[in-house]
Amino acid sequence: MSKQRQLIAGNWKMNGSLGANAALVRALADGIGDEARCDVALAVPAPYLGQVRDLLGDAALASIALAAQDVSPHASGAYTGEVSAAMLKDFGVRYVVVGHSERRQYHGETDADVAAKARGALSAGLVPIVCVGETLAQREAGQGETVVTAQLDAVVEHLRGTAGDDAVAGIVVAYEPVWAIGTGKTATPAQAQEIHAALRRRLRQAGESTAAAVRILYGGSMNAGNAAELLAQSDIDGGLVGGASLKATDFLAIVAAAR
Ligand code: PGA
């Protein structure tokens, strides 16, 4: 079981505008104040990173961190449309989501791509939030645990091979069952805890202290009503929140439910 401070990360996905972002970030900064009871991050669309950094001001250093939703596995060069980890770092970004199921599904990202992105993010001093999750068909076929542990292993093995065991301690993992994302169907706390415990066991390959240090977030229709029970599970160390992160009152309620 992890003893880490919990992390609640909002994933805005492809939502927002200059006006809407300003209203949302101001409401969140007011609601959270100088000292959140947990770590808080906002994963905003790349064009708005500068705007949200400016809106957060000092809060970005203190209670609300800036996050990105994706990163190139490459350091620089002829990769039209991509954004490097160093560029994100330049904008004060602390976390970056890698391997979200929407990227795996719509952009064909493989486990190897996700591992390379995680490695690149760590090299630039960012914390990758590595997403894993099974589809409904995989769960119904009894393969949920096998699928998510294989997704995690791909990243852990790559990091151990290229950067050593200690690098693994620098990641955050997010378990996001694909069937629960944006569907209003949430994994029950017991279902989520079972997978989180399996993920924690896999992290022990990189050592007991690493496994305890890595935060494992739950994501998939987390909302103001179900957050407290999910976040009370022994291996759930926070949440990756999509839809409910777009409404200040809902997101603040989730932050308030964190330990
Ligand atoms: P959701 O999305 O909270 O809208 O289900 C979570 C995510 O995809 O990160």
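Each ligand, and each atom within it, is numbered from 1 in the order the structure gives.
At a heavy-atom cutoff of 4.0 Å, ligand 1 is surrounded by N11, K13, H100, E176, A180, I181, G182, G220, S221, L240, V241, G242, G243.
Within the structure, side-chain hydrogen bond (donor to acceptor under 3.5 Å, both in side chains) pairs that include any residue of residues 126-135 comprise E134-R139, E134-Y175, E134-W179, T135-Q138 (at least two apart or interchain).
Nearest heavy atoms, A68 versus A43: O-CB, 4.0 Å.
With no hydrogens or angles considered, no side-chain donor-acceptor pair links Q4 and D39 at under 3.5 Å. No side-chain N or O of T149 forms a donor-acceptor pair with one of R202 less than 3.5 Å apart.
Residues satisfying the ring-ring contact (aromatic ring centres under 6.0 Å, His included) criterion with Y79, sequence neighbours excluded, are H74. Residues satisfying the ring-ring contact (aromatic ring centres under 6.0 Å, His included) test with H100, not counting sequence neighbours, are none.
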